[in-house]
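First up is the structure itself, then whatever we jot down about it.
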Amino acid sequence: MKDIQNIKIREAKRSDIAEVGRILSENYHDTYANILDKRYLSSVNPESAASRMDAYFLTPGNEMFVAELLADGEDEGTGEIVGFVAGTPSPDVLGAFWLEMLHIKASYRDFGIGRRLLFTMGSRAASTGYSQMVIDVFAGNTKAEEIYKHYGAKQIDEFYQDVEGFGVLSSLLSWDDLSVFQG
């Protein structure tokens, strides 16, 4: 069993972006292998994902947190990045915060790191004045959908979203009471 007692959730730094890109790329190829079009997936690699996340990081209003595994005595910013969460004001749901992505390295899943990242982002959304947080989940990513629903999200819509020219059936989930993330 992994020792995850020294996981610190903190705001992302620009120096974290390369590792965030690696995690994003690995998870796309792992989690979405049977969900997203193979032609699109063939274009996803650590460098392209890092470039995407760097632009995301630099965009005002976007939020990003990382889960960092620290060895005893290790300083923040020197540990292993094992997951991240990113969000932004929703472009589609007026007044809501959009939890755009949450990814954990495969070897660190099922230890509660995703929950901690989710709650950190939900708390940030609430503390910055949002009363609703939404996320879209690709059809077929049932584990993620079940986890979000377990923590209070409700499905409010189903739609096809464009992923680089490929339509992907998705569920739009919403937390209408962000107090679940506080305290």
Side-chain angles (χ1 to χ4, degrees), residues 2 4 7-71 74 76-92 97-118 120-121 124 134-148 159-173:
K2 294 202 181 298
I4 59 147
I7 294 286
K8 177 171 178 61
I9 308 298
R10 61 169 174 78
E11 289 189 15
K13 301 174 184 174
R14 195 156 188 209
S15 59
D16 300 323
I17 298 302
E19 187 57 27
V20 165
R22 277 189 283 283
I23 294 168
L24 181 64
S25 176
E26 288 171 10
N27 282 0
Y28 262 59
H29 288 278
D30 173 43
T31 305
Y32 304 140
N34 296 314
I35 297 172
L36 296 177
D37 190 279
K38 305 278 186 258
R39 293 166 291 182
Y40 168 66
L41 282 176
S42 70
S43 72
V44 177
N45 58 59
E47 295 77 22
S48 67
S51 178
R52 172 183 171 197
M53 295 313 298
D54 190 50
Y56 193 93
F57 178 81
L58 294 172
T59 302
N62 289 356
E63 300 278 356
M64 189 184 308
F65 294 92
V66 295
E68 180 180 26
L69 177 62
L70 298 170
E74 198 170 28
E76 178 183 301
T78 61
E80 177 186 4
I81 303 300
V82 298
F84 74 96
V85 63
T88 189
S90 175
D92 299 315
F97 188 81
W98 178 30
L99 178 73
E100 189 170 359
M101 57 188 90
L102 192 159
H103 291 281
I104 308 297
K105 280 186 176 179
S107 59
Y108 286 91
R109 293 180 191 153
D110 300 320
F111 293 103
I113 298 168
R115 178 194 176 281
R116 289 181 59 195
L117 286 165
L118 171 66
T120 298
M121 190 62 82
R124 173 62 61 92
V134 295
I135 186 168
D136 52 88
V137 181
F138 298 141
N141 191 0
T142 54
K143 184 174 182 180
E145 189 168 336
E146 288 170 1
I147 290 168
Y148 297 138
F159 64 100
Y160 279 91
Q161 67 174 297
D162 181 283
V163 178
E164 300 299 322
F166 301 100
V168 181
L169 182 62
S170 300
S171 294
L172 181 63
L173 306 178

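When side chains are defined from C-beta on, Met121 does not count as touching Glu100, because their heavy atoms never get closer than 4.5 Å. Trp98 is not listed as a side-chain neighbour of Asp92, based on a closest heavy-atom distance of 4.5 Å or more. Two residues are said to be in side-chain contact when any heavy atoms from C-beta on lie closer than 4.5 Å; Phe111 and Ile104 fail this criterion.
Taking the charged nitrogens against the carboxylate oxygens, Lys143 and Glu146 have no contact shorter than 4.0 Å, which rules out a salt bridge.
Within a 6.0 Å sphere centred on OH of Tyr160, heavy atoms belonging to other residues, nucleotides or ligands number 12 at most.
Among pairs with a residue in residues 40-51, none fulfils salt bridge (charged side-chain N to carboxylate O under 4.0 Å, His left out), at least two apart in sequence or across chains.
When every heavy atom of Ile23 is checked against every heavy atom of His103, the shortest pair comes out as CG2-CB, 3.9 Å. Listed here is the closest heavy atom pair of Val66 and Ala12: CG1-CB, 3.9 Å. Considering all non-hydrogen atoms of both residues, Leu117 and Gly83 come closest at CD1-C, 3.9 Å. Ile113 approaches Ala67 most closely through the heavy-atom pair CG2-CB, 3.5 Å.
Distance CZ/Arg115 to CG/Leu102: 12.5 Å, rounded to 0.5 Å.
Checked against ring-ring contact (aromatic ring centres under 6.0 Å, His included), Tyr32 has the following partners two or more places apart in sequence or in another chain: Tyr28, Phe138. Considering only residues two or more places apart in sequence or on other chains, Tyr148 meets the ring-ring contact (aromatic ring centres under 6.0 Å, His included) condition with Trp175.
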